[in-house]
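Throughout, residue positions are numbered sequentially from 1 according to the sequence presented.
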Amino acid sequence: MAKVDVVMPKMGESVMEGTVLTWSKAVGDEVELDETLLEISTDKVDSEVPSPAKGRLAEILVPEGETVEVGAKIAVIETDVNAEIGGDGASGAPDSAPAETGEAEAVVTEEATDAAPNVEPVEAAAAAPVTGGEQVEVVMPKMGESVMEGTVLAWAKAVGDEVELDETLLEISTDKVDSEVPSPAKGILAEILVPEGETVEVGAKIALIATGEGASVGSAPAPAAPKPDAAPTGGDGAAPSPPEKSYGMAGQAVAGDGAPLAAPAAAQVTASGPLQRRGSDGRFYSPLVRSIAGAEGVSQQELESIAGSGAEGRVTKKDILGYIETRQAQPAAPQQAPPQPTPQPAAQPAVAPSAPAPQQPMTQPGDRVEIIEMDRMRQMISEHMRRSVDTSAHVTSFNEVDVTRLVEARERHKAAFQQREGVKLTYTPFFVRAAVEALKTHPLLNASVEGKRVVVKKDYHVGIAVAIGTKGLLVPVVRDAGQKNLTGLTHAVADLAERARSKQLMPDELQGGTFTVTNVGSLGSLMGTPIINQPQVAILSPGMIRKRPVVVEHPDLGDIIAVRQMMYVSLSYDHRVIDGAMGASYLHAFKEALEGIDPDEAI
């Protein structure tokens, strides 16, 4: 029977990996050509992946939440729909037909190959063995094009636990996002190959799940009791070298044969106090790292001094073991006698130094609080906004615009425009057009800062902020906005906004902007002070349009009070490049472009 490999598609020039968010099909389901097979995520965008062939989903090689490189095999489709699917998701019968050629995204092979290199098993001490059944591999998922490895944060299940299909199996972390990994099959967790805190490459095998009726959990072997006698000696009477240590799932030191080695009684607790889950620098320390540090007597201060090689500078198992090895290689400091206390004069009694006050947690027991973990999008927005504030000297200027003619023009033409073009005529294309017209006379606002140089862009690639429900926002880019008329801008804005909300954007469509427009008025805000979208130097924010009484100069009646459609507009800009006079001048040019719209002009 022919098999078609489903591979991680390329989502843009700068995207090197992707993460499986959700499988729309399960092993054994029939799929049609181009039917949605799964949803993937990169560090730029989420997108659906269609099936490259018609057949039956025979094998899922990358579970939900895992990150793999572009081109990596993530599933296998059997084009012979009568194929029998085994318990591990692989075909139960040998291939009987030559492979057929799939589409550009598919690679055809005759049989499935291992998704990752073998990893030495690391199991918990005294774990109950799992026997029988067929085994399904759990591999480190790919979470984006540029993500090459992942760290196991926490296992939600232990060896021997029963797991359901799609039940959370573990939590992983990359330098882009933290994510839960669901179980790719129903069965019993037979083996954990990667302990908490360890970092492995995308596609590496991290666990095995025993499936089928034959899978069962045996009784846990009793640990060998240590001998209380003196240390054994070798054949020549010399003491043997200590066994090489490794660390099990709980961070306990174990010998090469898996037997636990002696460790300090209070793991994760050193002379300086218990090791904290998060250090004073905000870094997270996994249970495994803290367990090893506690067993080796590494203090919290020492732990925070270790340069982490993991995601967001986290200390991995390799880092902590390397530090311990280096520390042990250093010669021990000579023992010094404790200094003798100097006698104090009678008139000056000695005063014992007061102990430093313990640091109080931010929340106290009994507080009425709710803790919400940031999702991936919120973490990215948080980091991007913080970096922007740290980079640019932000200043915001305001103006108000009489958009009565704009409102009249839209109301007059929107019905015919939608019937002719098939898209709604919104205010955003008008704002983008006016913003570009003002940029043509204020080129420094279409620039970026590189060190001590200002790079002025000659093309106008305008980003438009699109709210994604209550989760956050994306900023897709309208390419060459200066070369598009109002109709072209309307189509471009509508298309980008729709695909942003339906997770159909390509990663490259979120990059390369030279200026940004964020229409906070569409969200009901009167005005806003937006943060610059790096590496740009300015961002424009039109506010809500409202009817207000204003003073108008009438040619015959002079100054009169009239009801007009008014809008506030703000411009945040980088004061390193743009002064207040230039910011105010740009807003005035934007105001004139909008107020100069002719409602009678054809759109």
Check your understanding: Do the non-hydrogen side-chain atoms of Glu69 and Met8 ever get within less than 4.5 Å of each other?
Key -> no

Check your understanding: Which pair of heavy atoms, one from Val477 and one from Leu510, lies closest together, and at what distance?
Key -> CG2-C, 4.3 Å

Check your understanding: Checking side chain to side chain donor-acceptor pair (under 3.5 Å) for the pair Glu304/Gln300: CA distance, chi angles, key distance, verdict?
Key -> CA-CA 6 Å; Glu304 295 183 10; Gln300 182 76 33; 3.2 Å; yes

Point to revise | salt_bridge(Asp495, Arg499) N-O dist < 4.0 Å | key: yes

Study note, to complete from the structure: Residues Pro9 and Val49: closest non-hydrogen pair is CG-CG2, 3.9 Å

Review point. Is there a donor in the side chain of Glu35 and an acceptor in the side chain of Ser51, or the other way round, less than 3.5 Å apart?
Key: no

Check your understanding: If you draw a 6.0 Å radius around CD in Glu162, do more than 12 non-hydrogen atoms from other residues or ligands fall strictly inside?
Key -> no

Point to revise | Donor-acceptor contact below 3.5 Å, side chain Gln135 vs main chain Leu208 | key: no

Exercise for review: Please check if the side chain of Glu196 supplies one atom and the backbone of Trp155 the other of a donor-acceptor pair under 3.5 Å.
Suggested key: yes

Review point. Quick one: are Lys186 and Val163 in side-chain contact, heavy atoms under 4.5 Å?
Key: no

Practice item. Could you check if a side-chain atom of Leu38 sits within less than 4.5 angstrom of a side-chain atom of Ile60, using non-hydrogen atoms only? Key: no

Review point. Would you find a donor on one side and an acceptor on the other, under 3.5 Å apart, between the side chain of Asn446 and the backbone of Asp459?
Key: yes

Review point. Ile77 versus Pro52: any side-chain heavy-atom pair under 4.5 Å?
Key: yes

Review point. For Gly513, does its backbone N or O pair with a side-chain atom of Lys457 as donor and acceptor, under 3.5 Å?
Key: no

Review point. Checking Thr211 side chain against Glu134 main chain: does a donor-acceptor pair fall under 3.5 Å?
Key: yes

Review point. Under a 4.5 Å cut-off applied to non-hydrogen side-chain atoms, are Glu509 and Leu496 in contact?
Key: yes

Exercise for review: Taking the side chain as every heavy atom from C-beta outward, state whether Lys25 and Leu37 have any pair of such atoms under 4.5 Å apart.
Suggested key: yes

Review point. Can Lys3 and Glu59 be counted as an ion pair, charged N to O under 4.0 angstrom?
Key: no

Exercise for review: Find out whether Thr168 and Pro182 are in side-chain contact, i.e. whether some heavy atom of one side chain is under 4.5 Å from a heavy atom of the other.
Suggested key: no

Check your understanding: Heavy-atom distance under 4.5 Å between the side chains of Val454 and Arg576, does that happen here?
Key -> no

Exercise for review: Could you pull out the closest heavy-atom pair between Val138 and Pro63, with the gap in Å?
Suggested key: CG1-CG, 4.2 Å

Point to revise | Donor-acceptor contact below 3.5 Å, side chain His394 vs main chain Ile532 | key: yes

Review point. Of Ile531, Thr516, Asp574, which is the lone residue that meets side-chain contact (heavy atoms from CB on, under 4.5 Å) with Ile539?
Key: Thr516

